[in-house]
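Atoms considered below: every heavy atom in the structure, side chains included; atoms not considered: hydrogens, waters and symmetry mates.
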Amino acid sequence: MELVEESPYRFRIDRHDPMRVPGVVFASRSLLPDAGEDRSLEQVANVATLPGIVDASYAMPDVHWGYGFPIGGVAATDVAHGGVVSPGGVGFDISCGVRLLAADTDRDGLRPRLGALMDGLGEATPRGMGRGAVWHLSDRAELDAVLRGGSRYAVERGFGVQRDLERCEDAGAVGDADPARVSERAIERGAGQVGSLGSGNHFLEVQAVDEVYDDAVATAFGLRPGQVCVMIHCGSRGLGHQICTDYVRKMEKVMARHGIHVPDRQLACAPVSSAEGRAYLGAMAAAANYARANRQLLADAARRVFARVTGSRLDLVYDISHNLAKIETHDVDGAPRALCVHRKGATRALPPGHDELPDDLRGVGQPVLIPGSMGTGSYVLTGVPGSPAFASTCHGAGRVQSRRQAVRSERGLDPRAQLEEQDIAVRGASRRGLAEEMPAAYKDVSAVVAAAEGAGLCRKVARLVPLGVVKG
DNA sequence: ATGTAC
């Protein structure tokens, strides 16, 4: 794959048939994927062949290999000109995302109670493959309410406060959710998992604000140096996974009928305006709301533990997804167009002044929440005016080792002991699960964030360091 | 990521 260096943080893959647009990779040279081990840049070029794609097929600095589309990929298609939607452009964990809450206590004050707090959070956070949840919904009507209402429904039921919704993307629920487009099997898988963390790279962490890069913006976000925070990273569990599986199969079958040919079967897609495209978007929106309700319930459980153990309150900073497709209006060649923006392992980053921001954030921009690899630190960023890639930035550190490789390189070592040596308390977490998520398996999140900032995709606001982690 | 394969 030939890359042309356009600027220190921007590389181009020139358009060649059957690409419709070029590929653009935002990264430093050292962050570029190793072509021998990771074929994600070929995936960037493959995505550029999709019908209706505009501008370019973009990759963020944390890009790595994924199903069809790369993880860390952004692609927008023109709805009115045959633009497609692809489940692989969203990913299996639909609306996987991050929620950050800020405590009214500082790390030094928390220290004597950290062990008890972590014990409480470990007990209160359902986690792991399959297994329990805060809610078990046997009633289809109630699950439909979750699929339509997201965080809003959880708050209506008393699991949160009204202010939470002002600090959620889309005020807590995306419109156009269509539970009737969700299969019975997906419903069955989701019914017992509302309010559960899952496994893999999902986590709940107690963190502290270690460094602030922009005082005014951090203050507007409700963050100050030394402050204790809770970060929750999770998604739509088996429900989103099943929806992705269902619609990849459906679209594989009808693609040819729509006259669509793609270089990789995993790019299965359908026009946004087709019956299949609309059905997927309706089901995807339902999964997006499920994921938001999931994070709302876990946040409520964490609040109760915080109040009991520390007497401290937790205020929502923001809740943002990094696996989603959205119909958004963007200028293309100087004219506004309705685009289907796929962000897979990429985070929306609205600039100051954007009308979708709540009043108290409109002057500073959207909080962008970047979970680092386990035990290394996370970032809070904000959007910048005039950024490329449809107001998107990175989503995390980005894997460099497969799960299998990561387990192999941890053989003979004790991942839990390594974390505890760094004064990071661990609750839950299987040995294998920890080994898969050790920092050696990931890029350096600080380098990823520096490249994203250097590329003009976002701006750094604060860095958070972990004090304790709950994992599946 | 995921009842780590229907």
Side-chain angles (χ1 to χ4, degrees), chain A residues 38 40 43 62-73 86-99 126-133 136-137 182-204 232-250 252-253 265-266 283-284 287-288 290-292 294-295 298 320-325 342-347 371 373-374 395-408 428-438 441-442 470-472:
Chain A
D38 177 308
S40 58
Q43 296 186 312
D62 47 340
V63 64
H64 59 285
W65 185 87
Y67 180 91
F69 285 58
I71 296 164
S86 174
V90 172
F92 278 85
D93 193 2
I94 296 167
S95 204
C96 179
V98 182
R99 169 175 292 228
R127 58 181 187 272
M129 286 288 281
R131 307 224 234 145
H136 295 266
L137 304 178
V182 178
S183 69
E184 275 310 312
R185 197 166 181 192
I187 295 287
E188 282 167 24
R189 289 180 68 173
Q193 297 185 320
V194 195
S196 67
L197 201 56
S199 61
N201 66 356
H202 291 162
F203 63 74
L204 181 150
I232 297 169
H233 177 206
C234 65
S236 53
R237 307 292 330 274
L239 178 120
H241 193 278
Q242 188 63 46
I243 289 171
C244 184
T245 302
D246 292 340
Y247 281 92
V248 165
R249 278 196 203 127
K250 279 183 195 175
E252 274 177 349
K253 286 187 193 142
R265 280 185 62 176
Q266 296 185 352
M284 181 211 71
Y290 181 98
R292 288 135 196 252
N294 194 19
R295 291 192 285 272
L298 292 175
I320 183 76
S321 166
H322 47 235
N323 280 4
L324 205 62
H342 301 73
R343 295 187 184 89
K344 178 189 192 179
T347 314
S373 60
M374 188 176 55
H395 88 302
R399 263 192 185 279
V400 286
Q401 285 184 344
S402 69
R403 294 178 186 283
R404 181 188 293 270
Q405 284 172 322
V407 169
R408 199 174 328 158
S430 66
R431 187 197 159 84
R432 186 188 171 84
L434 281 185
E436 288 177 349
E437 297 301 322
M438 289 304 278
Y442 285 87
V470 178
K471 282 190 77 74

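- A:N323 and A:S95 share no side-chain donor-acceptor pair at under 3.5 Å.
- Side-chain atoms of A:H241 and A:D93 include no donor-acceptor pair closer than 3.5 Å.
- Nucleic acid contact class of A:R189 (heavy atoms, under 4.0 Å, all strands): base.
- For A:R249, taking side-chain heavy atoms from C-beta onward, the closest of the listed nucleotides B:dC6, B:dG3, B:dT2 is B:dC6.
- Separating the OH atom of A:Y247 from the P atom of B:dT2 is a distance of 21 Å, rounded to the nearest angstrom.
- OP1 or OP2 of B:dG3 sits under 4.0 Å from a side-chain N or O of A:Q193.
- In this structure, A:G238 reaches the sugar-phosphate backbone alone: every heavy-atom distance under 4.0 Å involves primed, P, OP1 or OP2 atoms, never a base.
- Rounded to whole Å, the distance from CE on A:M129 to P on B:dT4 is 5 Å.
- Nucleotide B:dT4 holds its C1' atom 15 Å from the CZ atom of A:R131, rounded to whole Å.
- Side-chain contact between A:H202 and A:K471 is absent, with no heavy-atom pair separated by less than 4.5 Å.
- We find that NE2 of A:H136 is positioned 14 Å from P of B:dG3, with the value rounded to whole Å.
- For A:R399 against A:E436, the heavy-atom pair with the smallest separation is NH2-O, 2.8 Å.
- In this structure, A:H241 atom NE2 and B:dC6 atom C1' are separated by 14 Å, rounded to whole Å.
- OP1 or OP2 of B:dG3 lies within a sub-4.0 Å distance of a side-chain N or O belonging to A:R237.
- Residue A:S199 places at least one side-chain N or O closer than 4.0 Å to OP1 or OP2 of B:dT2.
- Taking atom CZ of residue A:R403 and atom C1' of nucleotide B:dT2, one finds them 10 Å apart after rounding to whole Å.
- Atom CZ of A:R127 and atom C1' of B:dT2 are 18 Å apart (whole Å).
- Inspection of the A:Y442 and A:Q401 side chains reveals no N or O donor paired with an N or O acceptor under 3.5 Å.
- Spacing between atom CG of A:D246 and atom C1' of B:dG3 amounts to 15 Å, rounded to whole angstrom units.
- If you check every strand for non-hydrogen atoms under 4.0 Å, A:R399 touches nothing.
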